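In what follows, a single structure is set out as structure tokens and then discussed.
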Amino acid sequence: MARWGCDRCGFVAWTSDRTSMREVTGAHLLAHHSEAVTRSDFRTTWDCPYCATAKTAYDTDGAVAEFKTHLHEHVADLIEEGAHVGDRVSWDGTVQVAAPVNSADADALRAHFHAGGDLVIAVTANPERTVRLLHEELDAWPRRTVVVSTEAYPFETAPDLDFSEIPIEVVELDPRLGPDEVGETVSRIIDANRVAGDAISLEVSVFHEIVRSFDLRTACDFVRMLSARLDGEGGVLQLYVDADADPNVSTVLNFLDDEIDLKIAAEDGRFVRRG
Ligand SMILES: [Zn+2]
Ligand SMILES: [Zn+2]
């Protein structure tokens, strides 16, 4: 992906390629410099804050579009290519993915992170969704994938994927198990599957369920211990959460503020930093 970070504020965006970054940079810089566009004498003028260029035109929309393109040219050299969101935390940290858990936006970030992982571990209430996503969106299967779920994979109703052909294991957990046992299971999966040099992509898509069923301390400890377990292993823990949909989740996330290295959201096919 292409990556651009604004040097006036903490904004960072990732887009599929350099061309699609044009829209992001121009609109973002225009918001910082809205005073540079003025309308008087029936005409619209923009006056670039970075250089001596100024233009006046009758067509306001055209003038604004031209100004955005002009602003983009000032930062075009700062756009990096071949970037991964995980690089932002050096593939060693905790990322809050702000999106409804079962949404296309969350899936876009799952596919992005898992495509960068060698050992992919997904703790999910919907194992089939994860397996299909990896099958359909990734160019190749990660070296090793382990899906952990309290729900069984529907082998009978979804027979089209041949599990003997792909490097995957589905671990079915007893639904009565608490976060501590889930965490221990993940830790053992890392012990059993990690090889030196692996980047670990660990997805937790069941945080809403954990917050609903357990107290605040248990939910926080779960994240802290998983995060500690990944320290030094080289891995990104992703918490898929929709804080807007559940005030209790929002409260727990406030307590985890020090633990979370990056908040990210997906918008119109691009990823943006939220804090
Ligand atoms: Zn900015
Ligand atoms: Zn300029």
Side-chain angles (χ1 to χ4, degrees), residues 1-100 103-106 108-109 112-113 116 236 238-244 250 253-254 256-275:
M1 298 188 91
R3 175 196 172 279
W4 176 69
C6 174
D7 61 6
R8 285 178 55 110
C9 66
F11 179 83
V12 185
W14 291 261
T15 56
S16 54
D17 54 36
R18 173 177 279 276
T19 313
S20 24
M21 192 61 88
R22 265 175 188 277
E23 277 301 302
V24 179
T25 50
H28 184 86
L29 291 169
L30 178 63
H32 279 305
H33 299 290
S34 53
E35 75 295 338
V37 180
T38 51
R39 184 163 160 78
S40 58
D41 65 18
F42 312 108
R43 299 180 298 172
T44 297
T45 297
W46 58 261
D47 192 351
C48 178
Y50 299 113
C51 69
T53 311
K55 289 276 179 68
T56 299
Y58 281 101
D59 169 15
T60 300
D61 290 347
V64 168
E66 186 187 35
F67 186 36
K68 284 189 196 168
T69 302
H70 179 89
L71 288 170
H72 169 81
E73 294 305 328
H74 278 290
V75 299
D77 288 348
L78 301 174
I79 298 169
E80 283 171 38
E81 287 182 281
H84 192 285
V85 176
D87 299 340
R88 176 84 194 177
V89 296
S90 309
W91 270 93
D92 187 359
T94 301
V95 177
Q96 176 185 335
V97 176
S103 65
D105 283 349
L109 276 151
H112 178 67
F113 276 107
V236 174
Q238 307 125 55
L239 283 184
Y240 291 80
V241 284
D242 182 8
D244 298 338
S250 176
L253 290 171
N254 285 338
L256 287 169
D257 206 40
D258 289 346
E259 203 63 60
I260 288 165
D261 303 299
L262 173 67
K263 284 181 204 165
I264 192 137
E267 278 173 10
D268 308 325
R270 60 181 80 120
F271 304 143
V272 292
R273 179 180 174 218
R274 282 282 168 77

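Ligands are counted one by one from 1 in listed order, and the atoms in each one are counted from 1 as well. Source: prediction; values computed, not measured.
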(request) Answer whether the closest heavy-atom distance between the side chains of Lys263 and Asp257 falls below 4.5 Å. (result) yes

(request) Could you grab the angle centred on the Zn ion (ligand 2), going from NE2 in His70 to SG in Cys51, to 10°? (result) 100°

(request) Measure from the side-chain N and O atoms of Arg22 to the backbone N and O of Thr25, and report whether any donor-acceptor pair falls under 3.5 Å. (result) no

(message) I'd like to know if the side chain of Arg270 reaches the main chain of Met21, judged simply by a donor and an acceptor atom lying under 3.5 Å from each other, with no hydrogens or angles considered.
(response)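 Answer holds: no.
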
(message) Under a 3.5 Å cutoff, is there a donor and acceptor pairing between the side chains of Tyr50 and His33?
(response) yes

(message) Please name the atom of His32, limited to N, O or S, that comes nearest to the Zn ion (ligand 1).
(response) NE2

(request) Quick one: the NE2 of His28, the Zn ion (ligand 1), SG of Cys6 angle, rounded to 10°, please. (result)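 That angle works out to 110° after rounding to 10°.
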
